Amino acid sequence: MFITLPDGKRLDLPKHATAKHVAEAIGPGLAKAALGASVNGQLTDLLSELPDGAQVAILTKRDDATLRLMRHTLAHVMAQAVADVFTAEGTPRDAVKMGIGPVIENGFYYDFDLPRTLVPEDLEKIEVRMREIVAAKLPLRKFELPRAEALTRFKGKDPYKLELIQDLPEDVPLTFYEQGGEGGFTDLCRGPHVPNTGDIPPHFKLMSVAGAYWRGDESRPMLQRVYGVAFRIKEDLERHLWQLEEAKKRDHRKLGAELDIFTLDEDIGPGLPLWLPRGALMIEEIEALAKEMERKAGYQRVKSPHLAKEQLFLKSGHLPYYEGDMFPAMELDNVKYYLKPMNCPFHHKIYAARPRSYRDLPLRLAEYGTCYRYEDHGALMGLMRVRSLQMNDAHIYCSEAQFEDEFMRVIGMYLEYFKLFGVHEYVMRLSKHSKEGLGKKYVDNPELWEKTEDMVRNALQNGGINFIEADDEAAFYGPKIDVQIRSAIGREFTLATNQVDFAQPGRFNLEYIAEDGSRQTPLCLHRAPLSTHERFIGFLIEHFAGDFPLWLAPEQVRIVPIADRHNDYALKLREQLTDAGLRAEADLRGERMNAKVRDAELYKVPYTVIVGDKEVEAGAVSFRSRKEGEQKDMAAAVFVQHLQAHVKGRALEVVPLSHLETV
RNA sequence: GCUCGUGUAGCUCAGUGGUAGAGCACUCCCUUGGUAAGGGAGAGGUCGACGGUUCAAUCCCGUCCACGAGCUCCA
């Protein structure tokens with residue numbers, strides 16, 4: 001057989017050759033440094049046989065890709081360490097059962113079924129043992145077993161591995177990786193791995209242990225998952241740990257409390273946030289923005305109650321398909337009432353309240369209605385996952401011919417918002433139904449599912465929008481486009497959503513008189529480009545680390561008088577700013593100026609205005625800004641105009657005032 | 001909902017089987033200071049809730065609640 005090297009050279013090799021042989025053929029130095037290989041562009045290891053005629057490049061620790069191999073082997077090293085730690089305390093080896101141990105972003109994990117729960121001290125012990133295994137430089141060996149033999153190997157010992165083998169297709173070779181010989185550790189594994197545990201750099205750390213259902217199925221046993229991170233060089237590990245610390249600092253739950261934006265109170269209930277005045281101000285700014293955008297885009301605003309009778313939700317399909325996410329009914333005069341989990345049924349009723357003509361379409365109804373969803377306790381998280389939520393909601397009723405245009409207008413609106421907020425990293429995700437879920441999670445109409453999913457896909461493709469597809473993630477009434485965002489601290493969640501509803505308009509007998517006089521059922525688009533106010537504010541806090549653009553900042557200007565005799569001027573200035581539509585506070589506490597400046601900075605107020613004798617005399621301000629540095633002796637009126645301009649344009653970036661405008 | 005962890009003042013955290021402490025924040029007094037903490041005094045806690053063990057529980061045990069990490073789920 002032969003292979004081709006990156007420089008185009010052909011290398012002839014004996015049969016069953018591996019990348020290790022290639023490295024050895026090239027030179028002893030490379031053979032020593034080699035950790036893995038790229039075969040026809042695929043990452044693989046030195047232990048796997050090469051296909052005849054392959055393009056082969058030998059990878060060393062200098063190649064980023066080998067980090068994957070290191071992390072994968074480290075997962076095995078951890079499994080071995082866990083087994084060792086448990087057998088050392090007298091647990092029979094067979095009582096330590098192994099799930100799976102894959103590579104993940106920044107590291108790896110391994111799932112275990114253990115006779116007792118792991119405590120933090122165990123992680124320390126395991127890590128110590130891992131370092132010993134790495135230091136022992138155990139060589140890895142890859143081998144294949146026939147199916148029957150592989151099954152015997154795990155029978156009665158490890159039901160998880162047994163299940164994995166049984167679920168693998170018959171024609172897939174069952175490969176194993178063994179480290180440290182028979183007395184070491186062997187795992188059913190596809191690879192790829194580094195050739196020796198000594199090839200793993202010591203820059204790893206076990207982070208946490210958490211429960212995880214076997215194969216992600218909540219009806220299956222819960223295993224103990226140990227997470228670890230690993231990097232090639234010390235600096236990378238340190239940077240990662242530092243980033244985690246930084247992320248904690250900009251967590252919206254921490255900043256939300258520090259900046260007095262929202263609070264959660266035990267007496268009110270889990271997932272039911274209270275908006276403090278500063279948070280309410282931000283919501284009002286968001287609503288003002290949305291109203292402006294929607295007015296331009298031809299939306300009309302409506303309002304609907306928070307609850308409705310059972311029959312409404314039976315008709316909409318929420319009770320059959322969504323009841324688990326709803327608060328339980330309250331009974332009044334022998335009639336069940338439910339808090340609304342969505343606004344759509346109400347909007348359908350508004351549509352149905354008048355006869356509609358094709359001339360009315362598209363009919364775009366918007367409402368920032370508060371909905372209530374009974375989320376699992378374990379799912380609640382600050383503002384990102386709550387039980388009372390105010391949606392930036394609207395429903396667009398249109399004909400099939402209008403669908404694509406309306407759909408793309410909504411996508412266009414998303415993009416406009418993202419630009420305004422400086423959101424650059426997002427993924428559009430086409431969420432589709434699954435055949436298995438029909439009649440259970442999804443309305444049972446396979447043809448319409450296929451048809452609408454095609455319509456959405458075509459609309460996106462025609463609009464040149466990049467997207468990925470996800471099965472079994474649709475809404476019960478139709479497919480949707482979710483926009484996945486990664487917040488500044490790396491938290492991923494769904495922000496905007498745009499959903500197609502082919503089911504509810506029919507269930508509500510919604511219709512319109514078409515041009516030809518026939519009665520037609522409209523399509524409905526559900527859209528929430530700003531998600532819910534809760535999640536969106538939570539996102540904004542993390543996105544800006546509390547350093548909001550001026551138009552969003554709850555307090556835009558903090559006025560700090562230097563001495564008591566400047567208080568009157570400070571108050572006058574505050575009035576001037578307030579009259580100009582700006583949000584300003586004067587700090588009249590009996591503190592020193594330095595302390596007041598510090599407090600304003602920690603509170604992340606965009607502008608701190610210092611006023612003393614000079615400013616009072618000149619009718620001027622001196623300010624320090626978090627975005628444009630310091631500026632002295634500026635006419636108050638100029639300062640006001642400067643801020644107004646940024647607020648009006650909802651500017652993301654600050655254009656500093658030129659020095660020409662100072663007095 | 002599941003697994004594990006946590007719960008002491010507004011916040012960050014000490015601490016003890018004999019009913020509690022620090023720093024910051026808060027209130028008052030002194031200080032009137034030019035761009036990130038001036039000084040002093042005071043007030044503030046059913047030690048998450050309910051049971052149990054004990055002469056005695058914030059501490060030990062149990063149940064519940066809330067929060068956190070992860071799993072599942074989702075805007």
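Treat the numbers as computed from the prediction; the structure is a model and nothing was measured. Residue numbers begin at 1 in each chain, while the letters A, B, ... track the order of the sequences.
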A.B. asks: Base of A75(B), side chain of Gln484(A) - is there a donor-acceptor contact under 3.5 Å?
C.D. replies: no

A.B. asks: Of the listed nucleotides (A75(B), A36(B), U32(B)), which one gets closest to any side-chain atom of Ala563(A)?
C.D. replies: U32(B)

A.B. asks: Any base atoms under 4.0 Å from Ser622(A), or only sugar-phosphate, or nothing? Heavy atoms, all strands.
C.D. replies: base

A.B. asks: Report the distance from atom CG of Leu123(A) to atom P of A69(B), rounded to the nearest whole Å.
C.D. replies: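 Nearest whole value for this atom pair: 17 Å.
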
A.B. asks: Of the nucleotides G34(B), A36(B), A75(B), which has the atom closest to the Ile562(A) side chain?
C.D. replies: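 Of G34(B), A36(B), A75(B), G34(B) is nearest to the side chain of Ile562(A).
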
A.B. asks: Under a plain distance cut-off of 3.5 Å, with no hydrogens placed, do Thr532(A) and Gln390(A) share a side-chain donor-acceptor pair?
C.D. replies: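 No - no donor-acceptor pair under 3.5 Å links their side chains.
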
A.B. asks: Mind checking Gly382(A) for me? I need base, sugar-phosphate or nothing, with any heavy atom below 4.0 Å counting as a touch.
C.D. replies: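 Touches sugar-phosphate only.
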
A.B. asks: Measure the distance from CG on Asn567(A) to C1' on U32(B) and round it to the nearest whole Å.
C.D. replies: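 Answer to the nearest Å: 10 Å.
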
A.B. asks: Check for me whether the distance between the ring centres of Phe639(A) and Tyr607(A) falls short of 6.0 Å.
C.D. replies: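 So the answer is yes for these two rings.
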
A.B. asks: One thing to verify: whether Arg253(A) and Asp251(A) come together as a salt bridge, which I'm taking to mean a side-chain N less than 4.0 angstrom from a carboxylate O.
C.D. replies: yes

A.B. asks: Between C4(B) and Arg225(A), counting only base atoms on the nucleotide and side-chain atoms on the residue, is there a donor-acceptor pair under 3.5 Å?
C.D. replies: no

A.B. asks: With a 6.0 Å cut-off (strictly less than), is the heavy-atom count around CD of Glu105(A), excluding the residue itself, greater than 12?
C.D. replies: no

A.B. asks: Working to the nearest 0.5 angstrom, can you tell me the gap between Ile104(A) CD1 and Arg71(A) CZ?
C.D. replies: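 Here the interatomic distance stands at 9.0 Å.
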
A.B. asks: Give Arg589(A) one of three labels, base, sugar-phosphate or nothing, depending on what nucleic acid heavy atoms sit under 4.0 Å from its own.
C.D. replies: sugar-phosphate

A.B. asks: In whole Å, what separates the C1' atom of G44(B) from that of G21(B)?
C.D. replies: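 Approximately 13 Å lies between the C1' atom of G44(B) and that of G21(B).
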
A.B. asks: Is the NZ atom of Lys604(A) crowded by more than 12 outside heavy atoms at less than 6.0 Å?
C.D. replies: yes

A.B. asks: Rounded to whole Å, how long is the line connecting atom CE of Met381(A) with atom C1' of C73(B)?
C.D. replies: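 Checked: the CE to C1' distance equals 14 Å.
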
A.B. asks: Atom CG of Leu602(A) to atom C1' of U35(B): distance rounded to whole Å?
C.D. replies: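 It is 14 Å, rounded to the nearest whole Å.
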
A.B. asks: Contact class for Arg624(A) vs. all strands (heavy atom < 4.0 Å): base, sugar-phosphate, or nothing?
C.D. replies: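 Base, at least one base heavy atom under 4.0 Å.
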
A.B. asks: With a 3.5 Å cut-off and no angle check, do the side chains of Glu628(A) and His642(A) form a donor-acceptor pair?
C.D. replies: yes

A.B. asks: Which nucleotide sits closest to the side chain of Pro270(A): A36(B), C67(B), A75(B)?
C.D. replies: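 That would be C67(B).
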
A.B. asks: Report the distance from atom CZ of Arg385(A) to atom P of U72(B), rounded to the nearest whole Å.
C.D. replies: 13 Å

A.B. asks: From the list G34(B), A75(B), U3(B), which nucleotide is the closest neighbour of the side chain of Lys614(A)?
C.D. replies: G34(B)

A.B. asks: How would you label the contact of Thr532(A) with the nucleic acid (heavy atoms, under 4.0 Å): base, sugar-phosphate, or nothing?
C.D. replies: base

A.B. asks: For the side chain of Asn594(A), starting at C-beta, report the closest nucleotide among C71(B), U35(B), U32(B).
C.D. replies: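 In terms of side-chain proximity for Asn594(A), the closest of C71(B), U35(B), U32(B) is U35(B).
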
A.B. asks: State plainly whether the residues Glu473(A) and Lys480(A) are in salt-bridge range, i.e. N to O under 4.0 Å.
C.D. replies: no

A.B. asks: To the nearest Å, how far apart are Met222(A) CE and C4(B) P?
C.D. replies: 9 Å

A.B. asks: Using whole Å, what does the distance between atom P of nucleotide G34(B) and atom CD of Glu615(A) come to?
C.D. replies: 12 Å

A.B. asks: Which dot-bracket string fits RNA chain B when only Watson-Crick or G-U wobble pairs with both atom distances under 3.5 Å count, crossing pairs get [ ], and | stands for a partner on a different strand?
C.D. replies: (((((((..((((....[..)))).(((((.......))))).....(((((..]....))))))))))))....

